[in-house]
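Quick caveat: nothing in here was measured; it's all calculated off a predicted structure. Chain identifiers are assigned alphabetically (A, B, ...) following the order of the sequence lines, protein sequences preceding nucleic acid strands; residue numbering begins at 1 within each chain.
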Amino acid sequence: MDSRYSPKDIEEKWYKTWQDAGAFKPQGHGPNKDKPFTIVIPPPNVTGALHMGHALNNTLQDVLTRFKRLQGYRTLWQPGTDHAGIATQSVVEKQLAKDGVKRQDLGREAFVAKVWEWKNEYGDRIVNQLMRLGSSCDWSRLRFTMDEGLSKAVREVFVRLYEDGLIYRGTRLINWCPKLQTALADEEVENKETKGHFWSIRYPLAGDPTQFITVSTTRPETMFGDVAVAVNAEDERYKHLIGTEVRIPGTTRTIPIIADEHADPAKGTGAVKITPAHDFNDYEVGKRHNLTPIIAMNLDATLNHQAGKYAGMNRFDARKAVVADLEEAGLLASVEDRVIPIPTCYRSGDVVEPYLLDQWFVNMKPLAVPALEAVEAGRTRFVPARYAKTYRDWLEPFKDWCISRQLWWGHQIPAWYVISETDGKRRQDTPFVVARTAEAARAQAKAKYGANSALIQEEDVLDTWFSSALWPFSTMGWPDKTPELATHYPTDVLVTDRGIIYFWVARMVFSGLKFLGKEPFHTVYITATILDEKGQRMSKSKGNGIDPIDMIEKYGADAMRFALMIMTTEGQDVKLSPVKLESGRNFANKLWNAVRFVLPHLEAAFGTAGIRDDLRYDDLHLADRWILSRLDETIRTVTENLEPPTLRFSDAAQALYRFTWDDFCSSYLEIRKKAITADAATLSPEGLAAKKQAVSVFATVVEKLITILHPFMPFITEEIRQALGREELLITSQWPSADTCKQLGIEASSAHDLEVMTKLLRIVDAIRSIRGDYALPPAHALEVRISCDDEPWRKIVEGHKDIIASLEKVGKISVEVNSAKPAFSAAGLIPEGRLFIPLEGILDPAQEKVRLTKELDKAEGYVAAQEKKLSNESFVKSAPAEVVEGERSKLQSQKDKVEKLKAALADLS
RNA sequence: GGGCGUUUAGCUCAGUUGGUUUAGAGCAUCUGCUUUACACGCAGAGGGUCGGGGGUUCAAGUCCCUCAACGCCCACCA
């Protein structure tokens, strides 16, 4: 073994070994064998590349998966990818554009074939990257949202929702992306603050063209779609005009002035133009007043014939032209600079147009109500809990979901229009049927509309999220009744980020409830957002991203995973810099070296390589009993913190770090080093027994430690397991119980052992502190005189002098009861006693005085504070007795300290 | 405009139901170490009164109010 742990050498090897062994498949063992534990991966886009968010998210899932697998659960981490309609279509379109080809040139079928080609060639990239991370997904069950099975689920859901009246087709004002030429759902529109203008325009009164009503707008080019001007009924300025008409400037068309609450007298001029086909608020106003919307724009965002001479101009040019003409005509009252939130498409970035179109919708209320109830009742819970509010706030308005997209890549809507032979064309009012297959559609059409008609399938595809919503059961074979569905649905924990609570989480919950009658998961763990070291979001455009694959190359997958886990405390976003991954790497190295150090001695002690089952524990050293107690505590802490819904990953990682580094390496190994490294060849039988025992305890601790560390650092722990000589893989071994001490029969003394060791370590601290203060080199052997307050404690210390000597370079150690301070000695306080280190020729009385005075001041300050607290009658009266008692004993021990320090100071002079 | 979050050592963060923490860790800094597992290491030291103000309480970093700064989400193109 090399003195530096080298992740590169082993990661690929182990990943392959696990896969070859089928270790990622759900199997289960031991008492939990028949209990399933299931996680479905948030399917990354096939176009995606692994970023730090994925790294965090998937590490969390892998930690849970490996933890539960070790506990013996029938564990499934279901992997897959998402077809990502717009994103994937765009990628392929861009590729075609390089050769000057448009998708329209190819036609739908050929284009879709191209996208499949692309998917088959590049779609595995992110999967391979997930493997680099160590993700223990059952890859034999890899699914894709456009697979035949999942597509069948999509059609099934569509048909059932339609039959239940929960899907309808209708003309509504929707969000239209002119660039992508498709409708979008509300959540797919992002408002971006942009500098713009607020124009006030004079509309001449029809009755008296010398008079005007001035309306304010940020979008003058939509005026050709105006159907009214609204004013507030309470607005004195305009009351008299209600019911009269105005003429739209530049046209001959007149429109009424109406009274509507939407007009806010405080905003602009208080008069608003109403354009129902191009504005969501106006759409509502139009409905209230029964006004027929006028569409003034084409789907490519150029103005149409309604705009007269501006017809054919794109919206932005038209805006400029209209404003210029209004100004020339003297109809522009004012222009104001203003920051305006502009709705933009989350994929293309183009400015979204509200547009009146025929689309497919999901009626949300009947689906949302049970989904809200599931969270309300706690059957699905969010971690951190506050995200339940985000979920609720989105679902509760019950806004219908526009699910049709005018794309080619996606699930084509299973609806067929029934075209009569005479007509041959599809119109808005063309009848249609909805069915699972074309044949079923034909049968239906025949029954309903007679035999003389042709069917044309709806060209629109479904929103990508429509298929993602079915992920927890479509991946398991639904609508068929498969064994995996029976075993693994509902799943357990969903790990995702807060950005897709609406897009995905909410929709999975209502879909699961609707079609399987059960919530798809009991816990939704919302991950932190990974930011750069300045606290900014990582993004391609900023170029501040950290590539996880680079980090794995540089520090190892284990190091990155561990660093992410230790940083991710509940709900707290993570500022990440490569420096932080160093601590993960250092930790791996620390563990590596501890094992590397002891391994040869294991062999030397027992005469065979590797760990053995006839380990010896007959006469355990205090340090042995102590580390085994600490091991049990650590097993308990890690187990509790990983158990859903606690999910305190950072606390678990922290406990592992502390135990490994501080207790196991810094204390235990140093104390037992001598016994471990003793030369077996020259040892007496007793000496050999002691060596065997020392290495046995070491091996026991390491074996359990790497097991509880395995979910966090799978590669290095598997490698260590092999180095220990175990043949079975760690990944499918058994999670330890916190009963090591019990099994070895040392449980009774655990509490006492922990206490004694802690006190002994404090004696070592006191010696080290004096050594540090006098800058004495580590090699300088110190004479230590320990003065204990009583005989029982003296006896214990006397019995464990070797522990002190193993951690500090000391010469003679004497342990007495209440001994006097030797001349020219430095003094230190220890539990139940004092400690003196003769430093003749080294001791500087002045420096020593400063040292002790500082400590004395602190202790006296504490005593003063405690006395004040305890002299407060209401404290003594109101506080619980054990608190008061605790405070009293704290005071007493500090008083003791003060006395001892005073004595030490007196001895100095 | 509405909601949520954050504000604790130079930096990045812990601190679970208010009381053995006049506040912990890692990094950084300083001092001393080629101590034969690890310099990706070992030992020691300095450094904060917990964003400001007010309140509740015997007791507040921890609860309430308020102000401020930063961040995120939602709404809003009149």
On the nucleotide [N], are OP1 or OP2 found under 4.0 Å from the side-chain N or O atoms that [X] carries?
| X | N | result |
| --- | --- | --- |
| A:Lys580 | B:A25 | no |
| A:Trp661 | B:C40 | no |
| A:Thr390 | B:C73 | no |
| A:Gln572 | B:A14 | yes |
| A:Ser583 | B:C27 | no |
| A:Lys575 | B:U12 | yes |
| A:Lys809 | B:U35 | no |
| A:Arg4 | B:C40 | yes |
| A:Arg658 | B:G24 | no |
| A:Asn593 | B:G41 | no |

Write down the distance between [atom1] ([X]) and [atom2] ([N]), rounded to a whole number of angstrom.
| X | N | atom1 | atom2 | value |
| --- | --- | --- | --- | --- |
| A:Gln866 | B:U20 | CD | C1' | 9 Å |
| A:Asp662 | B:G26 | CG | C1' | 11 Å |
| A:Ile767 | B:C42 | CD1 | P | 19 Å |
| A:Ile340 | B:A75 | CD1 | C1' | 16 Å |
| A:Glu885 | B:U20 | CD | P | 15 Å |
| A:Met567 | B:C11 | CE | P | 19 Å |
| A:Lys897 | B:U20 | NZ | C1' | 13 Å |

Which of these nucleotides, [options], is closest to any side-chain atom of [X]?
| X | options | value |
| --- | --- | --- |
| A:Asn281 | B:U22, B:C76, B:C38 | B:C76 |
| A:Ser874 | B:U20, B:C58, B:C42 | B:C58 |
| A:Asp773 | B:G44, B:G19, B:C40 | B:G44 |
| A:Asp393 | B:A37, B:G44, B:G3 | B:G3 |
| A:Lys389 | B:G44, B:C4, B:A37 | B:C4 |
| A:Ser878 | B:U22, B:C58, B:C40 | B:C58 |
| A:Pro341 | B:G19, B:C76, B:U20 | B:C76 |
| A:Tyr502 | B:C40, B:G19, B:C73 | B:C73 |
| A:Arg596 | B:G44, B:G5, B:C38 | B:C38 |

Using the [atom1] atoms only, state how far [M] lies from [N], rounded to an integer number of Å.
| N | M | atom1 | value |
| --- | --- | --- | --- |
| B:A23 | B:G46 | P | 13 Å |
| B:A68 | B:G53 | C1' | 11 Å |
| B:G61 | B:U34 | P | 45 Å |
| B:U29 | B:C40 | P | 14 Å |
| B:C11 | B:C50 | P | 16 Å |
| B:A25 | B:A9 | P | 15 Å |
| B:C27 | B:C65 | C1' | 37 Å |
| B:G52 | B:A69 | P | 15 Å |

In this structure, are over 12 heavy atoms from other groups packed under 6.0 Å from A:Arg392 atom CZ?
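More than 12 within 6.0 Å, yes.
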Heavy atoms from other residues, nucleotides or ligands near NZ of A:Lys542 exceed 12 (cutoff 6.0 Å):
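Atom NZ in A:Lys542 is crowded, with more than 12 foreign heavy atoms closer than 6.0 Å.
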Which nucleotide, in any strand shown, forms a Watson-Crick or G-U wobble pair with [N], with both distances under 3.5 Å?
| N | result |
| --- | --- |
| B:A37 | none |
| B:G24 | B:C13 |
| B:G71 | B:C4 |
| B:U57 | none |
| B:C30 | B:G44 |

By the 4.0 Å heavy-atom rule, please label [X] as base, sugar-phosphate, or nothing.
| X | result |
| --- | --- |
| A:Glu887 | sugar-phosphate |
| A:Pro354 | nothing |
| A:Arg768 | sugar-phosphate |

Below 4.0 angstrom, N of the basic side chain to O of the carboxylate: do [X] and [Y] qualify?
| X | Y | result |
| --- | --- | --- |
| A:Arg288 | A:Glu284 | no |
| A:Asp573 | A:Arg498 | yes |
| A:Glu187 | A:Lys399 | no |
| A:Arg237 | A:Asp235 | yes |
| A:Lys895 | A:Glu867 | yes |

For B:C38, does the base pair up with any side-chain atom of A:Lys590 as donor and acceptor (N or O, under 3.5 Å, distance only)?
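A donor-acceptor contact between them is present.
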Assess whether one donor atom and one acceptor atom, taken from the side chain of A:Glu670 and the base of B:A43, lie less than 3.5 Å apart.
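Under the 3.5 Å cut-off, the side chain and the base do not form any donor-acceptor pair.
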Would you confirm whether A:Gln866, through its side chain, and A:Glu887, through its main-chain N or O, come within 3.5 Å as a donor-acceptor pair?
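Indeed, once roles are kept as given, a pair shorter than 3.5 Å links the two residues.
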Need to verify one output field. Residue with the more 5' nearest nucleotide on RNA chain B, A:Gly270 or A:Pro777?
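Going by which nucleotide is closer to the 5' end, it is A:Pro777.
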Within 45° of the ring axis of A:Phe597 and under 6.0 Å from its six-membered ring centre, is that where the NZ or CZ of A:Lys673 lies?
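That pair qualifies as a cation-pi contact.
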